[in-house]
Number of protein chains: 2
Amino acid sequence: MALDHALLVSLLEKPSSGYELARRFDRSIGYFWHATHQQIYKVLARMEEAGWIVAEVQAGATAPDRKEYSVAAPGRAELSRWLAAPTDPEGTRDALMVKLRGAAFDDPARLLPELEHHRATHANRLTAYRIIETRDFAGTLDRQRALQYMVLKSGIRFEQGWLEWCEEALEVLRSFGQDQSRRTTP
Amino acid sequence: MALDHALLVSLLEKPSSGYELARRFDRSIGYFWHATHQQIYKVLARMEEAGWIVAEVQAGATAPDRKEYSVAAPGRAELSRWLAAPTDPEGTRDALMVKLRGAAFDDPARLLPELEHHRATHANRLTAYRIIETRDFAGTLDRQRALQYMVLKSGIRFEQGWLEWCEEALEVLRSFGQDQSRRTTP
DNA sequence: CCCAGCATGTAAGAGGTTACATGATTGC
DNA sequence: GCAATCATGTAACCTCTTACATGCTGGG
């Protein structure tokens with residue numbers, strides 16, 4: 001149930017419409033939590049009914065009237081409660097790892113494009129993060145900035161780790177290319 | 001739909017009952033993909049109906065008869081197809097990052113126990129991986145072993161990154177402890 | 001005139017979690 | 001006798017994804 005809280009934080013940072021939130025979940029916030037607009041609208045409606053957020057309807061300007069949500073006192077209280085409540089680190093679920101172990105029963109070389117694609121993706125993300133780092137987090141930071149920077153830093157660390165691992169995995173897979181045996185269990 | 005494939009790989013590595021698979025998903029396989037027994041039984045039933053796997057019923061020994069599943073030709077074909085099909089690196093979803101950004105609107109010190117818990121969890125996992133590493137992956141490795149080792153290495157890299165990041169985050173949070181202002185937006 | 005962007009949603013289905021349910025065997 | 005382990009599942013519920021649906025405004 002953490003999408004609720006991600007939206008609360010997002011709305012505290014800046015009151016927004018569902019549409020705007022959806023766009024932010026495709027960029028900045030999306031780097032550590034992603035969600036589609038369908039999900040977002042549903043959760044916003046639920047939270048409004050619960051009184052966690054309030055909508056200010058801005059009529060006239062747009063086709064369906066724009067609704068700008070902001071966090072109400074109960075929403076703030078709920079966020080505060082959730083912040084102090086312990087959560088276990090989430091279990092990993094990575095299809096690529098399954099594929100690697102599965103490659104032992106197929107031709108490992110078929111994974112090469114996949115791994116290269118992953119490497120490229122992680123390299124791109126790392127570059128994007130580095131740009132944000134120099135642009136937004138140089139010099140002295142206030143408390144909010146410092147916290148945001150910690151989040152960005154986790155992303156940087158993470159992507160760099162992935163990148164290095166991809167290189168290593170590619171080397172290992174390529175070293176298999178020499179021998180022509182196709183399966184370990186034919 | 002990747003649990004199907006995780007189970008196929010697992011059954012190729014060793015034909016098993018649903019119960020055994022569930023236990024392995026709580027340990028070795030669970031390090032990169034977790035699933036409950038309820039899920040596993042459902043997917044096994046579906047895959048058996050689809051002809052991907054076959055069950056050998058071992059009657060008599062246990063209360064509900066034990067069913068040992070192994071992968072049939074169509075299952076192998078499906079796995080092969082999936083291995084070559086591209087998948088995007090999955091989007092991150094980390095509640096801890098949401099909490100960090102949320103802490104700017106609350107007392108950041110309340111996150112300390114959570115972060116310490118995370119640090120401890122990642123430290124424990126790292127230790128567990130290191131033990132597996134020395135025990136199972138020393139010396140020369142065949143192809144299957146080399147692939148498994150790559151998976152383990154990603155886990156090690158990952159946990160080490162988390163660990164270092166946790167230390168860093170704890171230091172930053174503690175540095176806030178000096179000033180007593182409670183909220184950025186009161 | 002058309003397309004991109006803004007803005008809202010509904011609906012069906014797949015996947016995942018939590019709780020419930022049963023029953024034999026083995027070791028203490 | 002009791003608890004742990006082996007072994008199978010069902011049911012309710014929630015979340016997430018994918019597809020569908022509508023309609024205005026502004027720029028080229």
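A, B, ... follow the sequence lines: proteins, then strands. Residue 1 opens every chain.
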- Query: Do the charged groups of A/E133 and A/R130 touch, with an N to O distance under 4.0 Å?
  - Reply: yes

- All heavy atoms of B/R46 vs all of B/D4, minimum pair found to be NH1-OD2, 2.6 Å

- Hey, does the Lys NZ or Arg CZ of A/K67 hover above the aromatic six-ring of A/Y69, less than 6.0 Å from the centre and inside 45° of the axis? no

- List the steps and the verdict of salt bridge (Lys or Arg N to Asp or Glu O under 4.0 Å) for A/K153 and A/E159. CA-CA 10 Å; A/K153 271 187 173 168; A/E159 296 303 335; over 6 Å; no

- Message: In this structure, how many angstroms lie between the P atom of C/dG5 and the CZ atom of A/R66, rounded?
- Response: 18 Å

- When you check the gap from the basic side-chain N to the acidic O, do A/R93 and B/E90 get nearer than 4.0 Å? no

- Item | Considering all heavy atoms, the nearest A/R101-B/V151 contact | CG-CG2, 4.0 Å

- Task: Could you tell me whether A/R66 and A/E20 make a salt bridge, using a distance below 4.0 angstrom between a side-chain N and a carboxylate O?
- Result: yes

- Interface residues of residues 48-65 of chain A with DNA chain C (non-hydrogen, below 4.0 angstrom): A/T62, A/P64, A/D65

- Message: Which residues in residues 19-40 of chain A have a heavy atom closer than 4.0 Å to any atom of DNA chain C?
- Response: A/Y19, A/R23, A/H37, A/Q38

- Message: Quick one about B/E68 and B/S16 (side-chain donor to acceptor, distance below 3.5 Å, no hydrogens or angles considered), yes or no?
- Response: no

- In whole angstroms, the gap separating P of C/dA12 from NZ of A/K42 amounts to 11 Å

- Message: Rounding to an integer number of Å, can you tell me how far B/D4 CG sits from C/dG15 P?
- Response: 7 Å

- Query: In terms of heavy-atom contacts, does CZ of A/R27 have more than 12 from other residues, nucleotides or ligands at under 6.0 Å?
  - Reply: no

- First and last nt of DNA chain D near chain A, cut-off under 4.0 Å to heavy atoms, 5' to 3', are D/dT15 to D/dC24

- Query: Would B/R110 and A/S80 count as having a side-chain donor-acceptor pair, cut-off 3.5 Å?
  - Reply: yes

- Between CD of B/E90 and P of C/dG16 the distance, given in whole Å, is 11 Å

